[in-house]
Structure formats: C-alpha cells, structure tokens
Chemist: 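One structure is given below, represented as structure tokens, and several questions about it will come after.
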Amino acid sequence: QVQLVESGGGLVRAGESLRLSCAASGRIFGIKTMNWYLQTPGKQRELVAQISSGGSTKYTDTSRDRFIISRDDSKNALYLEMNSLKPEDTAVYYCNADILTTESRLYSRTYWGQGTQVTVSS
C-alpha cells in the first residue's frame with residue numbers, strides 16, 4: 001500500500017559527506033512527521049533527526065551540528081545530508097514517516113523503510 005525506500009548509503013572516509021534519500025510511494029494522501037533513525041548491531045534504533053509537516057526540525061546532540069534533514073513534499077521525499085562523517089556514524093539508517101493514505105485520511109500510520117548502510121572508515 002505504502003512503501004518507503006532509502007538510498008544513498010555507502011562506504012566513505014572520515015570527514016566526507018553523504019546524502020541519504022527516502023522516497024515514499026503508494027496510495028498517499030498526506031505525510032506528517034518524517035524521521036531518520038539509525039541502528040547499530042545489537043542496539044535499538046535511535047532517532048537521528050525529525051522534520052514536521054510544517055518544516056520544523058529536531059536533531060539529537062550527535063546530529064545537530066553535522067546533519068541536515070529536509071523534505072520535498074512534491075516528491076514525497078525525505079533527505080538527510082550528513083557532513084563531517086565519523087566512524088561512529090557507521091550504522092544502518094532508516095527513514096520513518098507518519099502517513100495518511102487515500103483509504104485512511106484521518107488516521108495516520110507509521111511506515112518504515114528497509115534501511116541503507118552507511119560505513120565510515122577512519
């Protein structure tokens with residue numbers, strides 16, 4: 001019904017940049033809050049950054065000074081610009097969104113993408 005597909009991950013060196021993208025498709029009526037999460041082996045997913053439907057953003061202490069979250073509602077897309085990457089940023093990055101579908105225009109549901117691997121070498 002609705003799919004989120006991330007792209008843009010890869011292997012980079014410390015100090016380099018990456019831009020992650022997430023494309024939402026399907027019977028979408030509207031998208032509310034969108035988020036980027038990361039997950040490392042053996043740990044729970046943790047929030048990286050959040051952007052509301054109005055464009056307000058929130059970051060964690062880790063992402064605030066180096067990452068920029070943005071969205072393009074005309075494309076149902078979410079982005080994460082990651083700068084000055086560090087080895088500790090290595091993780092699988094997931095996009096997440098609260099989406100209203102054409103079948104459910106009043107109640108949103110949370111959808112997840114499949115994740116994209118980011119590996120930062122020292």
Side-chain angles (χ1 to χ4, degrees):
Q1 192 176 35
V2 172
Q3 278 192 321
L4 298 181
V5 179
E6 300 98 335
S7 61
L11 172 63
V12 296
R13 295 182 178 180
E16 294 183 339
S17 299
L18 276 177
R19 187 178 192 236
L20 305 183
S21 299
C22 174
S25 63
R27 299 175 181 263
I28 298 171
F29 178 71
I31 302 179
K32 300 166 73 175
T33 301
M34 305 183 82
N35 307 285
W36 285 102
Y37 281 78
L38 66 83
Q39 187 171 27
T40 55
K43 295 187 177 181
Q44 290 187 332
R45 291 181 189 180
E46 58 184 80
L47 182 68
V48 175
Q50 179 183 88
I51 185 166
S52 72
S53 57
S56 296
T57 57
K58 292 182 180 179
Y59 296 92
T60 64
D61 290 340
T62 301
S63 64
R64 181 172 294 109
D65 296 328
R66 299 181 296 121
F67 295 177
I68 300 172
I69 188 171
S70 61
R71 61 192 287 170
D72 184 341
D73 290 336
S74 69
K75 298 179 180 179
N76 289 333
L78 176 69
Y79 306 100
L80 185 69
E81 182 178 338
M82 310 167 68
N83 301 306
S84 302
L85 282 162
K86 304 175 181 179
E88 50 264 43
D89 295 320
T90 296
V92 178
Y93 286 75
Y94 296 89
C95 71
N96 157 295
D98 291 329
I99 297 176
L100 299 165
T101 65
T102 54
E103 289 79 17
S104 179
R105 300 187 179 195
L106 293 179
Y107 302 103
S108 64
R109 175 185 163 184
T110 300
Y111 293 85
W112 288 89
Q114 83 291 346
T116 185
Q117 175 71 46
V118 172
T119 303
V120 185
S121 64
S122 57

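Nothing fancy with the numbering, it's 1 onward along the sequence.
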Chemist: With rounding to the nearest 0.5 Å, note down the distance linking CD1 in Ile68 to CG in Asn83.
Modeler: 6.0 Å
Chemist: Measure the spacing between CG of Leu85 and OG1 of Thr119 and express it to the nearest 0.5 Å.
Modeler: 10.5 Å
Chemist: Check the hydrophobic clustering (I, L, V, M, F, W, Y; side-chain heavy atoms under 4.5 Å; chains of links allowed) and say if Ile69 and Met34 are grouped together.
Modeler: yes
Chemist: Is there a chain of hydrophobic side chains (I, L, V, M, F, W, Y, each step under 4.5 Å between heavy atoms) that links Val92 to Val120?
Modeler: no
Chemist: Might you point out which heavy atoms bring Gln39 and Ala91 nearest each other, and give the distance in Å?
Modeler: O-CB, 3.5 Å
Chemist: In chain order, what residues pass the salt bridge (Lys or Arg N to Asp or Glu O under 4.0 Å) check against Arg45, with sequence neighbours excluded?
Modeler: none
Chemist: Please walk me through it: do Gln117 and Leu11 pass side chain to side chain contact (heavy atoms under 4.5 Å, CB included)?
Modeler: CA-CA 8 Å; Gln117 175 71 46; Leu11 172 63; over 6 Å; no
Chemist: Evaluate the criterion side chain to side chain contact (heavy atoms under 4.5 Å, CB included) for residue pair Val2 and Ile28; output intermediate values, then yes/no.
Modeler: CA-CA 7 Å; Val2 172; Ile28 298 171; 4.2 Å; yes
Chemist: Of all the heavy-atom pairs spanning Leu47 and Thr60, show the shortest one and how long it is.
Modeler: O-CG2, 3.1 Å
Chemist: Which pairs, with at least one residue in residues 33-83 and sequence neighbours excluded, count as a disulfide (SG to SG under 2.5 Å)?
Modeler: none
Chemist: Return yes if some donor-acceptor pair links the side-chain N/O of Ser108 with the main-chain N/O of Leu100 below 3.5 Å, else return no.
Modeler: no
Chemist: Please list, chain by chain and in numerical order, all residues satisfying side-chain hydrogen bond (donor to acceptor under 3.5 Å, both in side chains) with Thr101, sequence neighbours excluded.
Modeler: none
Chemist: Side-chain heavy atoms under 4.5 angstrom apart, residues restricted to Ile, Leu, Val, Met, Phe, Trp, Tyr: same cluster for Tyr94 and Leu78?
Modeler: no
Chemist: Distance-only, no hydrogens or angles: does the Trp36 side chain make a donor-acceptor pair with backbone N or O of Tyr79 under 3.5 Å?
Modeler: yes
Chemist: Taking all heavy atoms of Ser84 and all of Ser17, pick out the closest pair and write down the distance.
Modeler: N-OG, 4.2 Å
Chemist: Short question: side chain of Ser52, backbone of Ser56 - any donor-acceptor pair under 3.5 Å?
Modeler: yes
Chemist: Which residue pairs satisfy the salt bridge (Lys or Arg N to Asp or Glu O under 4.0 Å) criterion with at least one member in residues 23-40, sequence neighbours excluded?
Modeler: Arg27-Glu103
Chemist: Please list all pairs passing the disulfide (SG to SG under 2.5 Å) test where one or both residues lie in residues 5-110, with sequence neighbours left out.
Modeler: Cys22-Cys95
Chemist: According to side chain to side chain contact (heavy atoms under 4.5 Å, CB included), who are the partners of Glu46, at least two apart in sequence or on a separate chain?
Modeler: Leu38
Chemist: Looking only at heavy atoms, what is the nearest atom pair of Tyr59 and Ala49, with distance?
Modeler: CD2-CB, 3.7 Å
Chemist: CG of Leu80 to OH of Tyr37: how many Å apart, nearest 0.5 Å?
Modeler: 13.5 Å
Chemist: Could you check Leu20 against Val118 for side chain to side chain contact (heavy atoms under 4.5 Å, CB included), going step by step and ending with a plain yes or no?
Modeler: CA-CA 9 Å; Leu20 305 183; Val118 172; 4.0 Å; yes
Chemist: Under the rule for salt bridge (Lys or Arg N to Asp or Glu O under 4.0 Å), what residues qualify as partners of Asp65, not counting sequence neighbours?
Modeler: none
Chemist: Kindly write out the residues that satisfy salt bridge (Lys or Arg N to Asp or Glu O under 4.0 Å) with Asp98, not counting sequence neighbours, or none if the list is empty.
Modeler: none
Chemist: I need the full list of salt bridge (Lys or Arg N to Asp or Glu O under 4.0 Å) pairs touching residues 3-24, with sequence neighbours left out, sorted by first then second residue.
Modeler: none
Chemist: Tell me, which pairs form a salt bridge (Lys or Arg N to Asp or Glu O under 4.0 Å) where one or both residues lie in residues 105-122, sequence neighbours left out?
Modeler: none
Chemist: Test of understanding: with side-chain hydrogen bond (donor to acceptor under 3.5 Å, both in side chains), list the residues that count as partners of Thr102, not counting sequence neighbours.
Modeler: none
Chemist: I need the minimum non-hydrogen distance between Ser63 and Val48, along with the two atoms involved.
Modeler: OG-O, 2.6 Å
Chemist: Measure the spacing between CD of Gln114 and CG of Leu4 and express it to the nearest 0.5 Å.
Modeler: 9.0 Å
Chemist: Please report the closest heavy-atom contact between Ile31 and Ala24, naming both atoms and the distance.
Modeler: CD1-CB, 4.0 Å
Chemist: With Ser74, which residues qualify under side-chain hydrogen bond (donor to acceptor under 3.5 Å, both in side chains), at least two apart?
Modeler: Asp72
